Amino acid sequence: MKKIIYIVSVLSLMLTTSCTKDFEDINTNPNAPSSVQPSLLLRQVIYDFGENMSYEGFVAGDLLAQHRTALDFNLFDRHALKSPQLGGNPWPIFYTNLRDNEIILNQARTTETFAVYEGPALILKAYMAAGLTDLFGDVPYFEAFNGVNGTVTPAYDLQEEIYLNENGILDNLDKGIAAIEAYTDVIPLEGDILFNGNLDAWIKFANALKIKHLVRISDKIDVSNDLQSLFDEGNYITSNSENAIFNFTNTDPNSFRLAQLRIGDFNNFVLSETMETILVGLNDTRLSSLFRPFSNSTSNEFNGLLNGIDASSTSIALANYSLASTAFREDTSTLDANFITAWEVQFALAEAAAKGFINADAQTLYNTGVTLAFEYWNTALPADYLTGPAAYDAIGTNPMEQILTQKWIANVINGYEGWIEYRRTGFPQLQTISASLNNDLIPIRMPYPAEEAALNFENYSVAATATDNNSINVPVWWNE
């Protein structure tokens with residue numbers, strides 16, 4: 001009996017060993033790769049982030065910046081930012097794409113044939129991390145993005161450290177440039193829908209981002225030497241042909257998302273009274289490029305609505321207000337997902353010159369920025385625009401307000417950039433909204449999403465305490 005049991009045991013062990021040995025081969029689909037090629041992942045990260053943030057820019061960022069306003073489903077427009085509706089929750093967009101970008105970075109550092117991806121991945125990491133912390137302030141960063149190889153409950157890092165520490169935003173931009181300059185192989189960068197594999201363009205992109213973010217933190221640290229060096233070298237984005245963008249199309253699935261949704265969603269958003277007042281005051285012809293005359297108009301007039309109405313008690317006739325132009329629905333091939341552009345860089349440099357950070361002519365930089373912004377929005381620059389109401393440093397005008405107002409106009413649908421720049425500078429002057437749910441205060445940070453309290457409670461609690469219970473009225477570091 002013992003012999004029989006022994007034989008059965010040996011057979012069982014042999015069978016188990018054989019099954020275990022062959023398990024991976026038997027249960028692996030030969031047609032499905034076990035890891036994603038970095039070229040596919042790079043394309044996915046750039047497109048997913050750009051597409052999602054362009055949509056967010058229209059339905060949420062433009063409300064905070066008062067480019068447009070919402071007629072219904074508008075708790076966000078009334079500044080109940082913890083109640084996102086048609087948009088207003090960019091947190092998962094950042095973390096999903098930062099996680100996937102980290103996979104590219106790890107592949108580039110561990111597989112020799114993927115080394116070309118290291119520089120672009122570092123630059124993208126800096127770009128997305130800056131957008132994340134500029135919206136929320138302190139966020140999980142140094143322990144985040146590594147998925148199964150890291151912690152699922154990362155600590156929140158101080159914004160100052162995310163900007164300035166090793167492996168932070170500015171350091172990664174420098175390391176990204178260095179990695180590209182050190183790359184000597186001939187294997188091309190594939191999946192690059194921003195620059196079609198042009199590594200020199202990625203260096204210009206990184207330098208443009210350095211200019212942008214050095215100006216952004218200029219109230220906290222001395223940025224003059226770094227900015228002057230960047231300006232003198234001139235190796236940054238200077239023309240719209242060099243912009244870090246990709247184009248939408250007129251057909252699904254690559255058209256602008258508002259063109260794919262039902263007409264009721266599109267019709268929920270109309271011209272803001274703030275945007276109308278500023279554009280009309282400047283005789284700015286971009287009004288007709290960005291919006292369309294309201295339906296009840298008898299002479300192609302435009303009409304904006306004060307942000308943040310109480311839709312439950314206010315009756316609004318859509319035909320009395322201006323919708324977004326055809327570029328946002330019928331002809332989205334004229335729209336871009338905008339990472340950074342020549343006009344944005346010129347306005348940043350104009351601000352730096354006006355503040356004495358660099359030795360340059362602020363008016364020339366301002367005029368160039370305006371010209372590039374009109375070109376970007378496919379609008380002819382009126383011959384008298386830069387000598388009329390928009391003339392730099394005209395009598396009774398504030399040059400800083402002019403620079404930031406022009407940047408604000410051009411930043412339509414560019415994520416949350418118009419609102420971020422308003423928070424930093426106070427320009428242009430926004431209006432008190434109609435029916436505020438935030439005590440008539442314009443928010444100065446995005447709140448951490450509810451899922452953070454549920455999934456990362458201990459670390460979230462520290463960050464929430466530092467922001468007065470996750471208040472939207474507590475400034476981020478560079479704005480303190």
Side-chain angles (χ1 to χ4, degrees), residues 54 57-58 62 65 67-68 237-250 255-256 258-259 270-272 274-294 297-304 322-350 361-394 397 399 401-414 417-418 421 428:
S54 296
F58 188 103
D62 278 1
H67 290 127
R68 67 186 90 244
I237 294 171
T238 59
S239 69
N240 283 323
S241 64
E242 298 174 329
N243 288 343
I245 59 173
F246 67 80
N247 302 116
F248 291 110
T249 68
N250 269 337
S255 59
F256 180 54
L258 262 292
V270 300
L271 171 65
S272 165
T274 305
M275 185 69 148
E276 179 202 6
T277 299
I278 289 173
L279 291 178
V280 170
L282 292 169
N283 295 325
D284 197 311
T285 50
R286 284 173 292 185
L287 182 58
S288 59
S289 299
L290 300 173
F291 298 91
R292 49 186 117 193
F294 62 97
S297 168
T298 58
S299 56
N300 289 327
E301 300 161 290
F302 296 83
N303 193 30
S322 297
L323 292 166
S325 70
T326 57
F328 298 91
R329 189 166 180 86
E330 290 86 355
D331 186 17
T332 65
S333 65
T334 63
L335 280 184
D336 306 312
N338 176 345
F339 287 66
I340 196 169
T341 58
W343 52 260
E344 186 176 356
V345 177
Q346 291 295 305
F347 288 135
L349 290 171
D361 183 58
Q363 180 173 353
T364 299
L365 292 163
Y366 167 83
N367 288 348
T368 302
V370 171
T371 302
L372 288 167
F374 269 80
E375 179 183 276
Y376 176 85
W377 283 109
N378 303 304
T379 309
L381 178 66
D384 62 348
Y385 189 80
L386 290 172
T387 57
Y392 182 78
D393 200 15
T397 62
E401 182 173 6
Q402 290 180 293
I403 294 167
L404 273 299
T405 296
Q406 288 293 333
K407 184 191 286 189
W408 174 86
I409 294 169
N411 260 322
V412 171
I413 83 159
N414 188 21
E417 282 298 314
E421 288 293 81

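Please read all numbers here as calculations on a predicted model, not as lab measurements. All heavy atoms count here, side chains included; hydrogens, waters and symmetry mates do not.
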Trainee: Can you give me the closest heavy-atom contact between A410 and A373, atom names plus distance?
Mentor: CB-CB, 3.9 Å
Trainee: Atom CG of L290 and atom CE of M275: how far apart are they, to the nearest 0.5 Å?
Mentor: 5.5 Å
Trainee: Distance check, rounded to the nearest 0.5 Å: N411 atom CG versus N338 atom CG?
Mentor: 7.0 Å
Trainee: Check whether any side-chain heavy atom of N243 sits under 4.5 Å from a side-chain heavy atom of Y376, and report yes or no.
Mentor: yes
Trainee: Return the CG to CG distance between L386 and L381, rounded to the nearest 0.5 Å.
Mentor: 5.0 Å
Trainee: Could you tell me the separation between the OH atom of Y385 and the CG atom of D284, rounded to the nearest 0.5 Å?
Mentor: 3.5 Å
Trainee: Does a side chain donor of either W343 or T341 reach within less than 3.5 Å of an acceptor in the other side chain?
Mentor: yes
Trainee: Look at the aromatic rings of Y392 and Y366 and report parallel, tilted or perpendicular, splitting at 30° and 60°.
Mentor: tilted
Trainee: Would L258 and F328 satisfy side-chain contact (heavy atoms from CB on, under 4.5 Å), going step by step from the backbone distance to the final call?
Mentor: CA-CA 7 Å; L258 262 292; F328 298 91; 5.6 Å; no
Trainee: What's the spacing between W408 CH2 and F347 CZ if we round to 0.5 Å?
Mentor: 13.0 Å
Trainee: With no hydrogens and no angle check, is any side-chain donor or acceptor of S322 less than 3.5 Å from a backbone partner on G304?
Mentor: no
Trainee: What are the two closest heavy atoms between A362 and A350, and how far apart are they?
Mentor: CB-O, 3.7 Å
Trainee: Could you tell me if the side chain of F291 sits less than 4.5 Å from the side chain of S325, heavy atoms only?
Mentor: no
Trainee: Run T371 and Q346 through side-chain contact (heavy atoms from CB on, under 4.5 Å) and show every step you take.
Mentor: CA-CA 10 Å; T371 302; Q346 291 295 305; over 6 Å; no
Trainee: Is there a donor-acceptor contact under 3.5 Å from the side chain of D62 to the main chain of V412?
Mentor: no
Trainee: Under 3.5 Å, is there a donor-acceptor pair between the side chain of T379 and the main chain of W377?
Mentor: yes
Trainee: Has R68 got a side-chain atom pairing as donor or acceptor with L271's backbone, closer than 3.5 angstrom?
Mentor: no
Trainee: For T238, does its backbone N or O pair with a side-chain atom of E242 as donor and acceptor, under 3.5 Å?
Mentor: yes
Trainee: Out of L279, V280, T274, which residue meets the side chain to side chain contact (heavy atoms under 4.5 Å, CB included) rule with E276?
Mentor: V280
Trainee: Could you walk me through whether T405 and Q402 pass the side-chain contact (heavy atoms from CB on, under 4.5 Å) check?
Mentor: CA-CA 5 Å; T405 296; Q402 290 180 293; 5.8 Å; no
Trainee: For residues R292 and A324, report the shortest heavy-atom separation together with the two atoms involved.
Mentor: NE-O, 2.6 Å
Trainee: Tell me whether N367 contacts the main-chain N or O of T364 through its side chain, where contact means a donor paired with an acceptor under 3.5 Å.
Mentor: no
Trainee: Contact between S288 and F302 at the side-chain level, heavy atoms closer than 4.5 Å - yes or no?
Mentor: yes
Trainee: Under a 4.5 Å cut-off applied to non-hydrogen side-chain atoms, are I237 and E344 in contact?
Mentor: no
Trainee: L365 vs D361, test: side-chain contact (heavy atoms from CB on, under 4.5 Å). Steps then yes/no.
Mentor: CA-CA 7 Å; L365 292 163; D361 183 58; over 6 Å; no
Trainee: Kindly say whether T332 contributes a backbone atom to a donor-acceptor pair with the side chain of N250 at under 3.5 angstrom?
Mentor: yes
Trainee: Working to the nearest 0.5 Å, report the span between CZ of F246 and CG of L335.
Mentor: 11.0 Å
Trainee: Specify the closest pair of heavy atoms between L282 and P389, including all atoms of both residues, with the distance to one decimal.
Mentor: CD2-O, 3.8 Å
